[in-house]
Amino acid sequence: AGSPPAFETLPTSGAALTGSTNNTVCTVTGANAIAGEATLTYDGTTQSLSRFSNNANSSILEFNKSRNGSVGGNTVVQDDDAVGVIRFLGADGTDYSQVADIQAAIDGTPGDNDTPGRISFSTTADGAQYTSERMRIDSSGRVGIGTTSPSTLLELSGSGNAILTVNTGNNSGDNSQIAFGDSADADVGFINYDHGTNAMQFTVNASERMRIHSSGEVSIPAGVTLGL
């Protein structure tokens, strides 16, 4: 296994990372370190950050961004500033090319203890050199697939036909459903496709109101008024 890079004392915390005798495990030490809790492991192919503590806290990988040109300076960021990127690269025979990105960015006007953010997922298309955004979660929690400005909780957009597929792995007994719920009832309404009978059922107010059978026949439960 290779050796991890050398670590120096961290001036902001007074802690340091020191390597083990086999150069595979680094342990956080120093006056302000949490003794014995954190290790950074490197085995030549994999790096892992571990935390060992009797509580619910986890390891944290942190990216910081400031518009100040000096290390440690604190100048407020601006809308659309990228705060951190995890980038995946692959060798193409000449150099390393982009494969995919995960990016966090400012998504609004920041202020004191107020930094609205978004996260974007990008991949590189066949024949392309750089990544293109495929999905984002904005500061309001809206999810956009194929769009950078979702206006609803989930928005799908494409240049051709936009198709949403609900697929089950069992073609003889499982169902595919779209459920409509609220705080009082998680599935007060839903559209159900029965793969065993190849029938589609429509449920309103927790009761089935209409069914389209595999033959194309439509059945309405007794007592349901059909207005034409």
Side-chain angles (χ1 to χ4, degrees), residues 2-20 23-35 37-51 53 57-92 94-125 128-151:
S3 300
F7 295 96
E8 299 178 349
T9 298
L10 308 177
T12 57
S13 66
L17 291 172
T18 55
S20 65
N23 288 320
T24 60
V25 179
C26 300
T27 304
V28 179
T29 59
N32 296 324
I34 304 174
E37 280 203 2
T39 62
L40 176 64
T41 304
Y42 174 78
D43 66 2
T45 58
T46 304
Q47 296 183 17
S48 64
L49 181 63
S50 305
R51 177 167 183 159
S53 57
N57 300 324
S58 68
S59 303
I60 297 176
L61 180 62
E62 188 173 287
F63 297 83
N64 297 307
K65 163 68 178 176
S66 170
R67 281 223 168 209
N68 196 296
S70 300
V71 175
N74 193 328
T75 300
V76 65
V77 290
Q78 298 179 16
D79 187 22
D80 289 328
D81 279 1
V83 176
V85 176
I86 300 176
R87 174 161 291 167
F88 304 88
L89 304 171
D92 61 9
T94 302
D95 52 18
Y96 286 87
S97 297
Q98 296 179 21
V99 175
D101 287 341
I102 302 173
Q103 182 189 90
I106 302 299
D107 194 41
T109 302
D112 187 28
N113 292 323
D114 177 19
T115 48
R118 68 173 180 262
I119 187 166
S120 305
F121 300 86
S122 302
T123 61
T124 302
Q129 183 177 3
Y130 302 108
T131 59
S132 298
E133 183 176 325
R134 309 301 184 185
M135 183 179 77
R136 77 166 49 186
I137 305 172
D138 69 13
S139 58
S140 297
R142 294 175 298 221
V143 178
I145 300 176
T147 176
T148 59
S149 54
S151 58

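What you see below is based on every heavy atom in this structure, not just the backbone, and it leaves out hydrogens, waters and symmetry mates. Everything numeric in this text was worked out from a predicted model, so none of it was measured.
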What are the two closest heavy atoms between [X] and [Y], and how far apart are they?
X: Arg134; Y: Thr123; value: NE-OG1, 2.8 Å
X: Pro150; Y: Arg142; value: O-NE, 3.3 Å
X: Phe63; Y: Val83; value: CB-O, 3.9 Å
X: Glu133; Y: Ser122; value: CA-OG, 3.2 Å
X: Val77; Y: Pro110; value: O-CG, 2.9 Å

Residue pair [X] / [Y], side-chain heavy-atom distance below 4.5 Å:
X: Leu61; Y: Ser59; answer: no
X: Gln129; Y: Thr124; answer: no
X: Ser97; Y: Val99; answer: no

Open item on the list: So that I can tick it off, tell me whether Asp81 and Arg67 are bridged by a salt bridge, with the cut-off set at under 4.0 angstrom between side-chain N and carboxylate O.
Closed with: yes

- [ ] Output yes when Asp101 and Arg87 qualify as a salt bridge under the 4.0 Å nitrogen-oxygen rule, no when they do not.
- [x] yes

What distance separates [X] [atom1] from [Y] [atom2], expressed to the nearest 0.5 Å?
X: Ile119; Y: Arg136; atom1: CD1; atom2: CZ; result: 11.5 Å
X: Gln103; Y: Thr131; atom1: CD; atom2: OG1; result: 8.5 Å
X: Asn68; Y: Thr75; atom1: CG; atom2: OG1; result: 3.5 Å

[X] side chain to [Y] side chain, donor-acceptor N/O pair below 3.5 angstrom:
X: Asp79; Y: Thr109; result: no
X: Asn74; Y: Ser66; result: no
X: Ser139; Y: Arg118; result: no

